[in-house]
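These notes concern the structure reproduced below.
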2 protein chains.
Amino acid sequence: MMELTRKGEYAVRGIVYLATQPEDKVCLLSDIAAAVDVPATFLAKIFQQFSKIGLVKSYRGTGGGFVLGRAADRITLLEVVEAVEGPIIPNRCVVAPGECPRDVFCNVHPVWKRVQVQVRDVLEKVTLRDLAGL
Amino acid sequence: MMELTRKGEYAVRGIVYLATQPEDKVCLLSDIAAAVDVPATFLAKIFQQFSKIGLVKSYRGTGGGFVLGRAADRITLLEVVEAVEGPIIPNRCVVAPGECPRDVFCNVHPVWKRVQVQVRDVLEKVTLRDLAGL
DNA sequence: TCCTAAAAGGATAATAATAGTCCTTTTAGC
DNA sequence: GCTAAAAGGACTATTATTATCCTTTTAGGA
């Protein structure tokens with residue numbers, strides 16, 4: 001339960017690798033993929049998602065590639081994980097009040113909410129700089 | 001991410017319902033299923049798992065059914081969830097040192113460990129009595 | 001301008017997990 | 001023995017995950 005998918009695992013590996021590189025170095029997807037041992041085609045999809053929300057910046061064409069979208073210490077693990085896995089929702093109930101018909105009489109509700117808060121809290125406090133180990 | 005499956009959701013609903021019933025009342029699976037709105041055949045599998053590890057006691061034949069295996073305040077939500085979903089493992093790395101080849105140089109590792117501890121901690125502090133709302 | 005490099009996007013396929021059903025067997029009471 | 005009820009096994013359907021491949025867009029350089 002609560003397991004990160006491959007996609008999430010790959011996403012973290014890939015962007016952490018980027019964070020270990022010199023700030024202005026434009027990295028090829030193929031190089032990143034090789035370095036972190038992830039299928040390049042799959043990592044491409046992941047980085048596209050990153051790119052859309054500005055976690056990385058991409059450059060096309062010759063000399064193209066990827067750099068971090070912000071300084072490594074301003075990107076949290078929470079952002080990275082949620083970018084590819086979607087929001088952290090231990091239970092559908094948690095989404096929004098009223099979402100779940102059992103809402104009113106469901107005591108389990110607030111427990112999952114606490115889980116959500118705790119998990120987010122842990123992940124939010126970790127930045128790519130921490131993970132890059134520099 | 002980190003979403004409880006239907007199975008887990010059903011499991012919680014089913015056993016919480018049991019906890020709301022008088023302690024010595026033997027409940028029919030079919031009644032529980034109807035009460036918590038879960039397919040009876042599916043709930044049957046879930047209660048079999050509960051039964052194996054003593055979370056519930058089952059009686060076969062006429063007059064048979066289920067009762068809690070222990071007092072409601074001595075069954076935690078963690079036990080219930082892990083019974084059907086397996087252990088709470090946010091990342092394979094967390095399982096055991098050496099499981100993951102990236103182990104040594106992986107800074108993400110201890111973060112997932114913290115997530116695991118936090119989640120377990122929340123779920124462990126909630127008992128079926130709390131959830132039954134008595 | 002044309003060629004090449006590289007990411008973006010779309011479609012599709014393979015595998016695995018989830019969710020659920022159905023049938024037979026065992027156990028127990030009447 | 002008949003019936004009630006859980007246990008167990010086998011199977012199916014649906015959905016999510018984990019990819020792969022091909023085409024398109026963008027950019028740089030000869």
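Below, read A as the first sequence line, B as the second, and so on, with proteins coming before strands; counting in each chain starts at 1.
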Taking [atom1] from [X] and [atom2] from [N], how many angstroms apart are they, rounded to a whole number?
X	N	atom1	atom2	answer
B/Leu29	C/dA28	CG	P	18 Å
B/Asp31	D/dA4	CG	P	14 Å
B/Leu43	D/dA6	CG	P	10 Å
A/Leu4	D/dA16	CG	P	18 Å
A/Phe42	C/dA14	CZ	P	17 Å

Please figure out whether B/Tyr10 or A/Leu28 has its closest DNA chain C nucleotide nearer the 5' end.
->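 Its nearest nucleotide being more 5', the pick is A/Leu28.
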Residues 40-59 of chain A, side-chain donor-acceptor partners within the protein, below 3.5 Å, at least two apart:
| residue | atom | partner | partner atom | Å |
| --- | --- | --- | --- | --- |
| A/Gln49 | OE1 | A/Lys7 | NZ | 3.0 |
| A/Gln49 | NE2 | A/Ala83 | O | 3.3 |

Please list all pairs passing the salt bridge (charged side-chain N to carboxylate O under 4.0 Å, His left out) test where one or both residues lie in residues 15-25 of chain B, with sequence neighbours left out.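 For residues 15-25 of chain B: none.
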Would you find a donor on one side and an acceptor on the other, under 3.5 Å apart, between the side chain of A/Gln116 and the backbone of A/Ile88?
-> yes
With sequence neighbours left out, the residues meeting side chain to side chain contact (heavy atoms under 4.5 Å, CB included) with A/Ala72 are A/Ala19, A/Leu68, A/Leu128, A/Arg129
Hey, which sits more toward the 5' end of DNA chain D by its nearest nucleotide, A/Lys7 or B/Cys27?
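It is B/Cys27 whose nearest nucleotide is closer to the 5' end.
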Q) Quick one: side chain to side chain donor-acceptor pair (under 3.5 Å) partners of A/Asp73, sequence neighbours excluded? A)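 In terms of side chain to side chain donor-acceptor pair (under 3.5 Å), with neighbours along the sequence ignored, A/Asp73 is linked to no residue.
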Among D/dA6, D/dT18, C/dA19, the one nearest any side-chain atom of A/Arg6 is D/dT18
Any residue meeting salt bridge (charged side-chain N to carboxylate O under 4.0 Å, His left out) with [X], in chain and number order, not counting sequence neighbours:
X	answer
B/Arg114	none
A/Asp31	none
B/Glu82	B/Arg120
B/Glu79	B/Arg70

So, with a heavy-atom separation below 4.0 Å from DNA chain C, the residues of residues 44-53 of chain A are A/Lys45, A/Gln48, A/Ser51, A/Lys52
Under a 4.0 Å heavy-atom cutoff, the residues of residues 56-70 of chain B touching DNA chain C are B/Arg60, B/Gly61, B/Thr62
- request: Of all the heavy-atom pairs spanning A/Val115 and A/Pro90, show the shortest one and how long it is.
  value: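 Residues A/Val115 and A/Pro90, closest heavy atoms: CG1-CG, 3.8 Å.
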Axis bend over the full length of the helix from C/dT1-D/dA30 to C/dC30-D/dG1, computed from five pairs that close each end, to 10 degrees:
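The angle, to the nearest 10 degrees, is 0°.
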Tracing side-chain contacts under 4.5 Å among Ile, Leu, Val, Met, Phe, Trp and Tyr outward from A/Val117 reaches none
